[in-house]
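Have a look at the structure below, then the notes.
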Amino acid sequence: MSAAGPVRYEVKDGVATLTLDRPAVLNALNVELVSALADVVGRAAADPEVWVVVVRGAGRAFSSGMDRTALSGGRVDESFFRHWARALDGLEDMDKLVVAVCHGYCIGGGLQLAAACDVRLCTEDAVLGLGATEHGLI
């Protein structure tokens, strides 16, 4: 994670880049990351200079989904789901082109995040999946 937080926000030439920045855990989703993501999604949506939003992951993966360490430690609570819904709804409802750039693991919540974008670009090494379906959870 960068000193700036779990999501970096950069704008250049009308393109806002939102980078999930927890590469040590393959950008696993926890409360801090989804809260920061929801905030920068709102920031990009409100910025009149931005016409395209790119969502990507730092390091070896787009996102490995839910942070299982946080989940097993009881650190995934109602606020996680509130921020998660705010982030996904913000991407889906944005009147700008939103592009997910998927590389490495894009599984579980990572795939859900990519699906909230208008366009998904995948590298050759991208691994897409919803493991919860194998367990009958969704």
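Values below: all heavy atoms of this structure, side chains included; hydrogens, waters and symmetry mates excluded.
When all heavy atoms are compared, the tightest approach of Ile107 to Val127 is CG2-O, 3.6 Å. In this structure, Ala36 and Val7 approach most closely via the heavy-atom pair CB-CG2, 3.9 Å. In terms of heavy atoms, Cys117 sits closest to Ala100 at SG-CB, 3.8 Å. For the pair Trp51 and Asp13, the tightest heavy-atom approach, listed with the atom from each and the gap, is NE1-O, 3.6 Å. The two residues Leu29 and Gly110 make their nearest non-hydrogen contact at CD1-N, 4.3 Å. The two residues Arg22 and Pro6 have their closest heavy-atom pair at CG-CB, 4.2 Å.
Cluster membership for Leu26 and Val34, using ILVMFWY side-chain heavy atoms within less than 4.5 angstrom, is not shared. Both Val15 and Val101 are assigned to one and the same hydrophobic cluster, defined by single-linkage of ILVMFWY side chains at heavy-atom distances under 4.5 Å. One hydrophobic cluster, built from ILVMFWY side chains closer than 4.5 Å, holds both Met66 and Leu37. When hydrophobic clusters are built by joining Ile, Leu, Val, Met, Phe, Trp and Tyr residues whose side-chain heavy atoms come closer than 4.5 Å, directly or via intermediates, Leu128 is not grouped with Val119.
Looking at Ser63, its side chain does come within 3.5 Å of a backbone N or O of Gly65 through a donor-acceptor pair. The closest donor-acceptor contact from the side chain of Ser72 to the backbone of Thr69 lies under 3.5 Å.
Rounding to the nearest 0.5 Å gives a distance of 5.0 Å between CG of Leu111 and SG of Cys106.
In this structure Arg43 satisfies the salt bridge (Lys or Arg N to Asp or Glu O under 4.0 Å) test with no other residue, sequence neighbours excluded. Under the side-chain hydrogen bond (donor to acceptor under 3.5 Å, both in side chains) criterion, Asp77 pairs with Ser79, not counting sequence neighbours. With sequence neighbours excluded, the residues forming a salt bridge (Lys or Arg N to Asp or Glu O under 4.0 Å) with Arg86 are Asp39, listed by chain and number. Under the rule for a side-chain contact (heavy atoms from CB on, under 4.5 Å), the partners of Ala116 that lie at least two apart in sequence or sit in another chain are Leu88, Leu91, Glu92. Under the rule for a salt bridge (Lys or Arg N to Asp or Glu O under 4.0 Å), Glu49 has no partner lying at least two apart in sequence or in another chain.
Side-chain contact between Arg56 and Leu20 is absent, with no heavy atoms from C-beta onward closer than 4.5 Å. Two residues are said to be in side-chain contact when any heavy atoms from C-beta on lie closer than 4.5 Å; Glu10 and Arg8 meet this criterion. At least one side-chain heavy atom of Phe62 sits under 4.5 Å from a side-chain heavy atom of Leu113. Within the 4.5 Å cutoff, the side chain of Val50 has heavy atoms near those of the Lys96 side chain. Side chains of Leu121 and Val99 form a contact here, defined as non-hydrogen atoms less than 4.5 Å apart. Contact check for Asn27 versus Ser64: no side-chain heavy atoms found under the 4.5 Å cut-off. Looking at Leu97 and Val53, their side chains never come closer than 4.5 Å, going by heavy atoms from C-beta outward. Residues Val98 and Val54 form no side-chain contact, since every pair of their non-hydrogen atoms from C-beta on lies 4.5 Å or further apart.
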Using the side chain to side chain contact (heavy atoms under 4.5 Å, CB included) rule, take Val11 and Asp47 through it: C-alpha gap first, then chi angles, then the decisive distance, then the call. CA-CA 10 Å; Val11 176; Asp47 189 339; 4.3 Å; yes

Could you go step by step and tell me if Thr123 and Cys102 meet the side chain to side chain contact (heavy atoms under 4.5 Å, CB included) rule? CA-CA 6 Å; Thr123 61; Cys102 305; over 6 Å; no

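More than 12 heavy atoms of other residues, nucleotides or ligands lie within 6.0 Å of CZ in Arg75, so this atom counts as buried by the packing criterion.
Applying the side-chain contact (heavy atoms from CB on, under 4.5 Å) test between Phe80 and each of Leu71, Asp67, Val31, Leu33 identifies Val31 as the sole match.
For the salt bridge (charged side-chain N to carboxylate O under 4.0 Å, His left out) condition, no pair includes a residue of residues 110-130, sequence neighbours left out.
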